[in-house]
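Structure first, then comments.
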Amino acid sequence: MDVYRESISNGSVSGEHQGVLNARNVKQVENLVRKVNEEERLSKDDIYNLLLLAYHMDGFIHEVTVFPDLNSIIALPEMISIVNQLLDVNTEDDVPFVFFYDTTFKCGDFFVSPLVFRNIIFEDRPIMPVAFLIHSRKKEKTHARFFEFVASSFPKINKTSVPFVTDREIGLVNAIRKNFPSCDVLMCWNHLIKDLKFNLQQMGADQSNTALYVSHLKDLLRSDSEAEYMTLKDELIRKWSKPVVVYFEKMEKDILTHSGKWVIDKYQNLYDPYSGITNNACESMNAVIKRLNKYRELPVDCFVLSMFYLQNYYINEVQRGLAGIGNYTLRTKFNHASIPKDEINVPKQLVKPADIVKHVMSEIDNVRDTCSKDHVSVETESSKIEGANILPLVSETSDGTENPTMSSPIAEENVTAPSQIEGTNILPLVSDSSEGTESSSMSIKTSDKNLSQKSLAKLTVDNGQVSFIEQHKAFMVRGMQGKVYAVTLLPKETCQCPASSQCYHILAAKLYIGDTDETKPVVNLKALSKRNLKRNDKKSGRKKPRPNDGDIEILPAPDSEEAQLIEPPLVPQSPRTPKLKTPAKLNTPSKQKALSTPKSTKRLRFADNGDSQDHQILVTGSPPPVKTPAKLKTPAKLNTPSKQKAMSTPKSTKRLRFADNGDSQDHQILVTDSPPPVKKVKLKPIPIAWINGLNSDHKQTIENNEWLCSEIINVCCTIISRQFPNISGFQPTGLSPVFDEATKSWSEKFGSFSQKGCPTVQIHHTGKSHWVTSLQSVNDQCIYVLDSFSKTFTLTPSLDIQLAAIYGHGKKHISIKLPEVQRQPNGYDCGVYSIANLLEFCFNGGTFNFKNKTAFEPTGMREHLIKCLELGYFSKFPQSLNSCADSVKMHTRKIECSCVCGKPDILENMFGCEGKRGRVTCSKWVHQSCSNVLGDWLCDEHRSTV
């Protein structure tokens with residue numbers, strides 16, 4: 001939309017050229033964007049290209065699995081050799097060698113799990129990747145297969161007990177422990193803290209409580225021993241809410257086994273006093289990978305090729321560091337590992353990190369050049385139009401060479417040109433202006449999508465690895481591993497490599513002679529795998545997993561043998577403090593016993609030899625301190641026993657213990673001259689699940705004589721409806737209409753009640769903080785509304801709309817009877833009485849006995865309601881034996897439904913028919929929204945006569 005607005009806001013385009021020199025509409029802009037995005041796709045068949053790379057990059061791609069899910073293991077043999085050498089380094093008095101493993105997201109239609117290590121022989125311990133797992137799902141067997149490869153590549157890991165640092169993914173941890181039983185798995189503290197914050201947020205904890213819980217978790221993790229941890233946990237857990245305690249017991253196993261300070265201290269210099277143990281090394285590598293790809297999602301073949309160039313770069317930097325040059329510097333104790341400069345073996349496929357993805361995607365620039373040349377004629381014609389403001393697709397530089405104005409997908413950086421780096425074997429990716437003919441001959445058609453193969457072919461041609469043998473009418477192409485293959489183009493394209501279809505050797509031969517015309521169809525394995533995915537299997541590689549991404553955890557049935565072996569967690573109960581009533585007045589005894597300690601935390605003033613300083617006495621013991629009301633004034637002086645003179649208190653903040661005569665209790669006195677203010681944070685209780693979707697807050701609402709909410713009413717109706725399947729109704733109370741102040745009408749945006757047959761019963765919210773019960777029995781077909789509070793027996797507009805929706809059935813006039821049922825003794829029991837009346841109707845077989853009034857006992861109704869909810873079965877509410885034998889009086893009200901829609905007139909404004917028969921005006925009325933007119937309205941009868 002922004003592009004469209006910018007295009008049409010150009011004032012230099014004349015009227016006759018509107019839609020030609022600027023955008024015609026938004027749809028045209030969307031089509032252009034879609035076309036450009038399609039052209040920028042590197043490959044449509046990346047799985048097939050990955051298999052080709054596996055054959056031609058022997059030793060880097062170790063395994064590719066296509067079915068049932070795409071999995072691939074990649075690692076350079078040279079990097080594996082480096083790690084095996086580091087495993088032999090003695091690290092008893094140094095930073096230990098550690099593996100880091102984590103999964104990153106949004107690299108493509110797959111997950112990427114790099115295995116990372118710190119090179120401990122260099123200063124700053126640089127982070128390097130040794131292997132990558134590319135997988136479509138995060139299952140334990142996938143990680144287990146990867147670590148089987150790691151175990152076979154590094155047989156010394158189990159002997160040296162190298163620790164693995166990872167997150168709390170259970171399948172990943174199990175895979176490591178299965179293949180490396182003698183190695184410890186350390187869990188990142190950051191993941192533990194994030195998991196706790198997330199679950200606290202789900203429980204409804206506020207920010208202050210969350211910060212306090214996180215602080216407690218850090219204190220527990222920093223414990224020096226397991227015994228110290230247990231002591232601190234018993235002290236802290238008493239103040240926690242029960243849901244937090246239950247969650248903490250689930251994660252406690254990870255702390256005791258994988259994350260405690262005493263576990264990390266097994267490895268010298270590994271524990272950090274501030275962050276403990278983290279997976280930041282792997283997170284840093286994930287960031288490097290994403291920055292390397294410019295945060296773009298790549299097909300799997302191009303991603304593998306990028307990781308190939310990335311590991312080659314690290315290998316070259318390691319060799320330069322060993323030779324005393326480059327960014328890596330050998331530590332003093334490892335100077336014996338240095339090598340001379342002439343032993344540096346620079347890889348032929350070396351590309352600097354800033355140009356890796358640019359090299360893989362360089363063919364896109366050629367596509368754009370071709371597109372630009374296709375529009376040259378259009379530009380020539382448009383340039384003749386006077387005043388046209390057209391941006392050229394190709395601009396000329398100062399030296400006359402063409403430079404495409406459309407920027408490359410890779411952002412330009414201020415880096416040194418590859419040709420200017422001394423001692424490196426990096427080839428220029430963009431040809432000079434003098435070679436414009438060659439670059440144009442190597443352009444690629446827009447329909448070509450196998451750009452990862454093109455990238456290898458172009459690199460082969462640029463390195464001079466293609467030669468033509470005239471006598472054999474064949475090309476000799478040297479592959480990535482140094483093998484030479486014979487390639488023929490006529491009469492049939494053939495190659496000696498194992499690929500069954502067109503390989504990059506054939507493409508290199510074509511690029512060598514300037515032929516890039518390809519019309520041969522290729523089998524698309526990517527499309528095949530996409531078509532066979534299940535409907536709920538969306539794009540892979542997302543942070544939010546798909547339903548089938550992880551392993552399925554089977555929980556034991558409650559009556560199974562395994563469930564009987566699992567003991568329920570013991571939740572420590574905090575001791576309840578007895579409630580003490582604060583006296584209205586504080587009477588100072590005339591005669592105080594010797595050295596009796598005051599029981600409150602008031603500020604007391606002692607007079608001693610002219611010392612009038614205030615001191616604070618904090619007395620601890622039994623009973624606990626009682627908070628003094630604000631209105632009570634503390635006496636200026638406290639008379640001490642006659643035998644004891646005024647006692648001077650020390651001015652230091654020391655804790656004193658003393659025992660009085662006959663009083664064996666110890667009291668603690670804290671004396672401070674000016675005590676600092678202490679901010680207390682009270683942990684708020686988090687609701688605990690109670691029954692059928694209700695929690696402890698709902699139970700407290702019933703117990704505290706509060707007004708029942710719609711959640712409680714709906715749960716009660718659901719349980720009762722199961723007991724009485726022959727009675728209809730019991731619809732959710734949230735379907736009540738809402739009054740719209742803007743339109744001055746009633747809105748049914750939450751839905752509306754549906755018509756029900758007899759017998760029917762329903763609890764309604766009247767719209768004025770009140771609950772009533774409506775019913776219709778089979779015998780008399782009358783509609784009754786049982787209201788336990790009203791004295792006027794009137795119907796609210798909201799109730800009119802609800803009753804018309806349930807009992808209307810197309811009637812123009814609905815008669816409603818309001819009997820004088822038993823009244824509630826207060827203003828908050830209307831919901832309880834509505835449920836009680838509903839049960840009377842149900843237990844009487846769909847009828848209500850109006851001959852005698854009910855006599856419910858108000859004191860036991862709420863207790864009975866809680867009991868029925870917990871049992872999942874409702875019984876009649878208890879009634880007194882002396883029920884009233886008087887007949888119930890009835891009040892009748894009518895609901896008018898004049899409109900053809902069948903809804904009551906009160907719903908919104910009404911339009912009356914303007915037609916007349918003689919002098920008599922038509923009596924038909926409709927709602928304003930049903931009339932479909934803005935002026936006078938005529939009914940069908942009078943409209944036909946006009």
Side-chain angles (χ1 to χ4, degrees), residues 687 690-724 727 729-738 750 753 760-775 784-796 798-803 806 816 818-843 848 853-879:
W690 179 34
I691 189 70
N692 291 331
L694 302 179
N695 55 40
S696 56
D697 286 349
H698 296 102
K699 184 176 181 180
Q700 191 175 2
T701 298
I702 302 175
E703 293 175 339
N704 295 346
N705 294 332
E706 298 178 12
W707 191 66
L708 299 189
C709 61
S710 58
E711 289 88 352
I712 300 176
I713 298 292
N714 290 332
V715 170
C716 293
C717 291
T718 301
I719 297 175
I720 299 173
S721 65
R722 296 171 184 166
Q723 292 182 225
F724 304 96
I727 299 177
F730 307 104
Q731 301 183 60
T733 59
L735 299 176
S736 304
V738 179
F750 298 110
F753 290 92
T760 305
V761 66
Q762 180 64 45
I763 296 180
H764 303 269
H765 187 271
T766 63
K768 294 186 177 180
S769 302
H770 187 48
W771 296 107
V772 297
T773 303
S774 71
L775 54 92
Y784 298 93
V785 173
L786 311 183
D787 191 340
S788 61
F789 185 75
S790 177
K791 295 181 179 180
T792 58
F793 297 97
T794 57
L795 301 177
T796 62
S798 175
L799 189 56
D800 283 350
I801 299 172
Q802 299 176 53
L803 295 174
I806 299 175
I816 306 295
L818 290 89
E820 293 184 3
V821 295
Q822 180 184 357
R823 289 180 54 82
Q824 63 192 64
N826 47 56
Y828 47 78
D829 274 343
C830 56
V832 181
Y833 274 80
S834 296
I835 298 173
N837 290 327
L838 180 144
L839 284 172
E840 288 295 317
F841 176 78
C842 294
F843 277 104
F848 198 89
K853 281 187 178 181
T854 57
F856 299 117
E857 295 181 354
T859 56
M861 295 184 71
R862 289 181 175 261
E863 182 180 353
H864 180 77
L865 177 60
I866 294 176
K867 180 181 178 181
C868 292
L869 284 172
E870 291 178 345
L871 292 176
Y873 180 86
F874 272 84
S875 58
K876 284 187 176 183
F877 279 75
Q879 300 188 33

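Heads up: numbering here begins at 1 and tracks the sequence.
Ile720 has its side chain within reach of Leu838: a pair of non-hydrogen atoms, C-beta onward, lies under 4.5 Å apart. Counting heavy atoms from C-beta outward, Leu869 and Ile702 have side chains that approach closer than 4.5 Å. Looking only at side-chain heavy atoms (C-beta outward), Asn714 and Cys717 stay at 4.5 Å or farther from each other. Under the 4.5 Å side-chain criterion, counting only non-hydrogen atoms from C-beta, Leu818 is in contact with Leu795. Considering only heavy atoms from C-beta on, Phe848 comes within 4.5 Å of Leu786 through its side chain. Met861 is not listed as a side-chain neighbour of Gln824, based on a closest heavy-atom distance of 4.5 Å or more.
Taking all atoms of both residues into account, the shortest heavy-atom contact from Lys876 to Glu840 is CD-OE2, 3.8 Å. The heavy-atom pair separating Pro819 from Val785 by the smallest distance is CD-O, 3.4 Å. Looking at every heavy atom in both residues, Ile713 comes nearest to Ile835 through CD1-CD1, 3.9 Å. For Cys842 against Phe730, the heavy-atom pair with the smallest separation is SG-CZ, 3.9 Å.
In this structure, the separation between CD on Gln762 and CZ on Phe841 is 12.0 Å, given to the nearest 0.5 Å. Here the straight-line distance linking atom OG1 of Thr760 with atom CD of Gln731 works out to 9.0 Å at 0.5 Å rounding. Rounded to the nearest 0.5 angstrom, Ile691 CD1 and Ile719 CD1 are separated by 7.0 Å. For the atom pair OG1 of Thr701 and CG of Leu694, the computed distance is 9.5 Å after rounding to the nearest 0.5 Å. Here the straight-line distance linking atom CG of Asn837 with atom SG of Cys830 works out to 11.5 Å at 0.5 Å rounding. Atoms CD1 and CG, on Ile712 and Asn692 in that order, are 12.5 Å from each other to the nearest 0.5 Å.
Sorted by first and then second residue, the pairs that involve residues 818-832 and meet salt bridge (Lys or Arg N to Asp or Glu O under 4.0 Å), not counting sequence neighbours, are Asp829-Arg862. Applying the salt bridge (Lys or Arg N to Asp or Glu O under 4.0 Å) rule to pairs touching residues 694-718 yields Lys699-Glu870, sequence neighbours excluded. For residues 784-795, no residue pair satisfies the salt bridge (Lys or Arg N to Asp or Glu O under 4.0 Å) rule, not counting sequence neighbours.
Residues satisfying the side-chain contact (heavy atoms from CB on, under 4.5 Å) criterion with Ser834, sequence neighbours excluded, are Ile763, Trp771, Thr773. Residues passing the ring pair (Phe, Tyr, Trp, His ring centres under 6.0 Å) test with Phe789 are His770, sequence neighbours excluded. Taking the ring pair (Phe, Tyr, Trp, His ring centres under 6.0 Å) definition, one finds that Tyr873 meets it with nothing, sequence neighbours left out. For Tyr784, the ring pair (Phe, Tyr, Trp, His ring centres under 6.0 Å) criterion is met by Phe850, not counting sequence neighbours. Every residue two or more places apart in sequence or in another chain was checked for a side-chain contact (heavy atoms from CB on, under 4.5 Å) with Thr859, and none qualifies. Residues passing the salt bridge (charged side-chain N to carboxylate O under 4.0 Å, His left out) test with Glu863, sequence neighbours excluded: none. Checked against side chain to side chain donor-acceptor pair (under 3.5 Å), Asn695 has the following partners two or more places apart in sequence or in another chain: His698. Among residues two or more places apart in sequence or in another chain, the side-chain contact (heavy atoms from CB on, under 4.5 Å) test is passed with Ser875 by His864, Cys868. Annotation: side-chain contact (heavy atoms from CB on, under 4.5 Å) contacts of Gln822 (sequence neighbours excluded): Tyr833, Thr854, Phe856.
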Next on the checklist: The test is side chain to side chain contact (heavy atoms under 4.5 Å, CB included); show your working for Val832 and Ser788 and say whether it passes.
Outcome noted: CA-CA 10 Å; Val832 181; Ser788 61; over 6 Å; no
Checklist entry - Between Ile816 and Leu799, does a side chain to side chain contact (heavy atoms under 4.5 Å, CB included) hold up when you go through it step by step? => result CA-CA 11 Å; Ile816 306 295; Leu799 189 56; over 6 Å; no
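Checking Ser798 against Gln802 by side-chain atom types alone, a donor-acceptor pair falls below 3.5 Å. Checking His764 against Ser774 by side-chain atom types alone, a donor-acceptor pair falls below 3.5 Å.
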